[in-house]
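Protein chains get the first letters and strands the later ones, always in sequence-line order, with residue 1 at the start of each.
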2 protein chains.
Amino acid sequence: MTAIGEALQQAGGADTPHADTPHADTPHADTPHADAERVMRIGEVAALTGTTPRTIRYYEEIGLLSGGDTRVLGKHRCYSQAEVDRVHEIVRLKELLGLSLEQLSQLLEAETARAEIRRELHATDDPGRQRELLLQSEGHIANQLTLVRGRLAELAKLEADLSERARRVRLRLEELGA
Amino acid sequence: MTAIGEALQQAGGADTPHADTPHADTPHADTPHADAERVMRIGEVAALTGTTPRTIRYYEEIGLLSGGDTRVLGKHRCYSQAEVDRVHEIVRLKELLGLSLEQLSQLLEAETARAEIRRELHATDDPGRQRELLLQSEGHIANQLTLVRGRLAELAKLEADLSERARRVRLRLEELGA
DNA sequence: ATTGTTCCTTACGTGAACGTCAGCTTAGCA
DNA sequence: TGCTAAGCTGACGTTCACGTAAGGAACAAT
């Protein structure tokens, strides 16, 4: 496939990038309430997010992922659905906005804080503290929105330019046909 | 400035990235019709496009820029406004779509062909040939549009997600305030 | 207990996209 | 004609974002 082909396909997504674990995830739920907070290992997370274990470890290395605070060195990393979500978010923002991982780690300060905030929101009864946390959240999201909307505007302008070009070419073709 | 700051500013553009040529472009038009097809050298092009001479040479090296077909080796490269436009286009697509330069060179086949097409369109009187050229142009633009619109859709979805999140946080804040 | 698969850490390798330095030539000007 | 700023051609260095390989430990199943 050509490079442009890849670029065009890039919008589709949802492919099967590599087969790491051959037999799929255990279909029969052996343990009760298994789906809610299943503990996953790195290979599964990688497969679910369309990345590789190496990538996940790298993201941990540079501080994008926590990588199991309480994990004993030398033992397996274990992840929950929350980490999967985060990796998905990382990939999405990275591809869509073309940000470097350093920029992302700053932007994702929002997400990092969100987990913390959710925990603390449920833990505290102090309305003042809750207010503070929510305001922080709002600020982070606003940051992301600013970035995304800026990109949207630029892309819209590009689209307009291209449409205009296409229109002109069509006009000339009609002239020619007439 | 923080990385996120840069990312947020990235939408603004139009900064002065570096001062290469101290005294600006000769303000007095010595030669007549100077602005139409001024011949520029690499430093000026770099300054105008917010890049560096090295970058321009690199783009030439990998085939993204022609770099003066008729240029004698060892002599200075010279550029016209067309090259400046092309570099601008490259930078724009690269940043906005996050494409690799190889992908870009495929996508920009359109632009490459356009110059050719414009020349040939004026050179030939054969309507059949003209039709063919215009159809080619149309195809290339359509390719670009597909790519851009795909991105636009993805970004719009992201924006919607973020807005939804922001809405929820605001709701909780109102609850709290009430 | 053995075995096969997945994972661990460490460390070196890689491709893209330039940056940077050296040594020399060209172009504009005084 | 001489000077200086800008450009030229190698060629090596660098950062990012991982890939890959080696040697060993951990888990699941038998």
A:Leu99 CG to D:dC16 P, straight-line distance once rounded to whole Å:
15 Å

Tell me the interatomic distance from B:Glu102, atom CD, to C:dT14, atom P, rounded to whole angstroms.
19 Å

Is the shortest heavy-atom distance from the side chain of A:Tyr58 to the side chain of A:Leu101 under 4.5 Å?
yes

Taking OP1 and OP2 of C:dC7, is either one under 4.0 Å from a side-chain nitrogen or oxygen of A:Arg77?
no

Whole angstrom value for the distance that separates P of D:dA6 from CD of B:Glu44:
12 Å

Set of salt bridge (charged side-chain N to carboxylate O under 4.0 Å, His left out) partners for A:Arg54, sequence neighbours left out:
A:Glu61

Donor-acceptor under 3.5 Å (B:Thr55 side chain, B:Thr51 main chain)
no

Please give, in whole Å, the distance from C:dT6 P to A:Met40 CE?
17 Å

Rounded to whole angstrom units, what separation is found between the CD1 atom of B:Ile56 and the P atom of C:dA17?
16 Å

Please identify each residue that fulfils side-chain contact (heavy atoms from CB on, under 4.5 Å) with B:Val84, with sequence neighbours left out.
B:Met40, B:Val45, B:Leu48, B:Thr49, B:Gln81, B:His88

List the protein contact pattern of nucleotides 21-30 of chain D with one symbol per nucleotide (5' to 3'): B for base contact, S for sugar-phosphate-only contact, - for none; contact means a heavy-atom distance under 4.0 Å.
-----SS---

Between C:dT26 atom P and B:Ile42 atom CD1, what is the distance in whole Å?
17 Å

With 3.5 Å as the limit, what N/O pairs link the protein to nucleotides 18-20 of chain C?
unit_1: C:dC18; atom_1: OP2; unit_2: B:Tyr59; atom_2: OH; d: 2.7
unit_1: C:dG19; atom_1: OP2; unit_2: B:Thr52; atom_2: OG1; d: 2.9
unit_1: C:dG19; atom_1: N7; unit_2: B:Arg54; atom_2: NE; d: 3.1
unit_1: C:dG19; atom_1: O6; unit_2: B:Arg54; atom_2: NH2; d: 3.1
unit_1: C:dT20; atom_1: O4; unit_2: B:Arg54; atom_2: NE; d: 3.4

Among all residues two or more places apart in sequence or in another chain, which pass the side-chain contact (heavy atoms from CB on, under 4.5 Å) test with A:Glu120?
A:Glu116, A:Arg129, A:Leu133

Report the residues that fulfil side-chain contact (heavy atoms from CB on, under 4.5 Å) with A:Arg170, sequence neighbours left out, ordered by chain and then residue number.
A:Ala166, A:Arg167, B:Glu138

Partners passing salt bridge (charged side-chain N to carboxylate O under 4.0 Å, His left out) against A:Arg172 (at least two apart in sequence or in another chain):
none

Could you pull out all residues at least two apart from A:Arg57 that satisfy side chain to side chain donor-acceptor pair (under 3.5 Å)?
none

Specify the separation, in whole Å, of atom CD1 of A:Ile90 and atom C1' of D:dC18.
14 Å

Using whole Å, report how far CD of B:Glu61 lies from P of C:dG15.
16 Å

List the residues meeting side-chain contact (heavy atoms from CB on, under 4.5 Å) with B:Lys75, not counting sequence neighbours, and say none if there are none.
B:Val72

